[in-house]
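Here the structure comes first, spelled out in structure tokens, and everything after it is commentary.
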Amino acid sequence: IVTYNAMVTGYAQRGFMDEALTLIKNMHQGGIKPDVITWTAALSGFARLGKQKEALRLFQEMEQSGVKSNSASWNAIIVGLTQHGHTMLAYDMFQEMQMAGTKPNVASWTALISGFAQQGHVATGQELLKQMKMSGMVPDVATWTALLAGHAREGCLEESLELFLQMQREGVRPDVIAWTALIGGYAKKGYHKDASSFLMEMKQRGVAPNVGTWNALIVGHASHGSVAEAMQLFTEMQQEGLKPNQYTWNAMILVLSHHGQFEEACIVFNIMQREGIKPDVVSWNTLIAGYCHRGRDKEAFEHFEQMKYEGLSPD
RNA sequence: CUACGGACUUA
């Protein structure tokens, strides 16, 4: 069962759902009964792909086979809904989960709060946090960060900072992700000085910045700031021993495009490939949108064609 | 037991 679960999880996480389902069938034939982990791994795969019908079907199949769902199974469904914009349906599921006798855990609350926060409904998220506390649950660093990030994305820096402080008053230590959410808010508004003081502070407090943290700093230089400073950060992160990832390269393309440096942006396409990272739809969209903003429709179209030629489908 | 939640890129 352990081996099977590992394999089902592997396939499901990669979106190979046919393979995952075949494995479950094999388990049955081999006389091994899939457990709640097997089922949850599989239905979570469907949920992430936005195939809610199939996810729910597996959920029912699980219960019919006599395996009781737990909060993780419900959470997988809820996350699938929130990540595809169905926040209200996720909320309904959350209620249904309780009616079915499963108590939401911290992850359930966090998933729901994050869903609303990502849709720009931060106030609802705040309200849910209050309810969560009233129900006796204790928010952890992920819960706080979901809300904090919501405020940061809205550009409400005071609110995001206040949550950052509040979580600490309530005994929760910010981790690298919480710091990154905070820093990202400041960076995006062009408050680069504040962003880098926070970077220093997090280091002093023993939290090591990761690639995501640097990405947040770099991308701030798209709307406000300069290519030179972005390049400087890009170099610095590598001196710290961190390797640029897809987000980093795309951020660099964005910064260059925003500043009209399209030739350089195209060079970045080549370099990233040489470094083993393929430009994705986001990379191309960024470049094409950059051309469009400057009225360079011809080049936008040429790159649109080239993207298709490279085997990527426009979204 | 590689089951479920939070940050950073385009639109």
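As the structure is a prediction and not an experimental result, all values here were calculated from the model. Residue numbers begin at 1 in each chain, while the letters A, B, ... track the order of the sequences.
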Give the nucleotide from the list [options] with an atom nearest to the side chain of [X].
X	options	answer
A:Ala178	B:C1, B:G6, B:C8	B:G6
A:Val79	B:C4, B:G6, B:U9	B:C4
A:Val282	B:A11, B:A3, B:U9	B:U9
A:Thr9	B:C4, B:U2, B:A11	B:U2
A:Ile177	B:A7, B:A3, B:C1	B:A7
A:Val219	B:G6, B:C8, B:U2	B:C8
A:Asn215	B:G5, B:C8, B:A3	B:C8
A:Ile37	B:C8, B:A11, B:A3	B:A3
A:Asn250	B:C1, B:U9, B:A7	B:U9
A:Leu254	B:C4, B:U9, B:C8	B:U9

Can you find a side chain N or O atom of [X] that sits less than 4.0 Å from OP1 or OP2 on [N]?
X	N	value
A:Lys188	B:C8	no
A:Gln246	B:U10	no
A:Arg14	B:U2	no

Base, sugar-phosphate alone, or nothing: which one does [X] contact when heavy atoms must sit under 4.0 Å apart?
X	result
A:Ala72	base
A:Val141	base
A:Ser114	sugar-phosphate
A:Ala146	sugar-phosphate
A:Asp175	base
A:Asn70	base

Quick one: does any side-chain atom of [X] pair with a main-chain N or O of [Y] as donor and acceptor, under 3.5 Å?
X	Y	result
A:Lys189	A:Gly155	yes
A:Arg14	A:Gly10	yes
A:Arg294	A:His258	yes

Atom-to-atom span, [atom1] of [X] to [atom2] of [N] - whole angstrom:
X	N	atom1	atom2	value
A:Asn75	B:C4	CG	P	10 Å
A:Phe116	B:G5	CZ	P	18 Å
A:Phe59	B:A3	CZ	P	18 Å
A:Ile277	B:U9	CD1	P	16 Å
A:Trp179	B:C8	CH2	P	17 Å
A:Leu128	B:G5	CG	P	18 Å
A:His221	B:U10	NE2	P	15 Å
A:Gln13	B:C4	CD	C1'	11 Å

Any residue meeting ring pair (Phe, Tyr, Trp, His ring centres under 6.0 Å) with A:Trp144, in chain and number order, not counting sequence neighbours
none
Does the B:G5 base have a donor-acceptor partner in the side chain of A:Asp140 within less than 3.5 Å?
yes
List the atom pairs, donor and acceptor, that lie under 3.5 Å between side-chain atoms in residues 23-32 of chain A and the rest of the protein, sequence neighbours left out.
unit_1, atom_1, unit_2, atom_2, d
A:His28, ND1, A:Ile24, O, 3.2

Where along [range] does a heavy atom fall under 4.0 Å from RNA chain B?
range	answer
residues 50-57 of chain A	none
residues 298-315 of chain A	none
residues 87-113 of chain A	A:Val106, A:Ala107, A:Thr110, A:Ala111

Tell me whether the centres of the aromatic rings in A:Trp284 and A:Phe269 are closer together than 6.0 Å.
yes
Just wondering, do A:Glu201 and A:Arg205 contact through their side chains at under 4.5 Å, heavy atoms?
yes
Residue pair A:Lys203 / A:Pro209, side-chain heavy-atom distance below 4.5 Å
yes
Roughly how far apart are A:Met202 CE and A:Asp175 CG, rounded to 0.5 Å?
8.5 Å
One should read off an interatomic distance between A:Thr82 OG1 and A:Leu112 CG, to the nearest 0.5 angstrom, of 8.0 Å
Is A:Glu162 paired with A:Arg169 through a side-chain N to carboxylate O contact shorter than 4.0 Å?
yes
ring-ring contact (aromatic ring centres under 6.0 Å, His included) partners of residues 195-245 of chain A, not counting sequence neighbours, each pair once:
A:Tyr186-A:Phe198, A:His192-A:His221, A:Phe234-A:Trp249
Geometric class of the A:His303/A:Tyr291 ring pair [parallel <30°, tilted 30-60°, perpendicular >60°]:
parallel
Under 3.5 Å side-chain donor-acceptor pair for A:Ser69 and A:Glu63:
yes
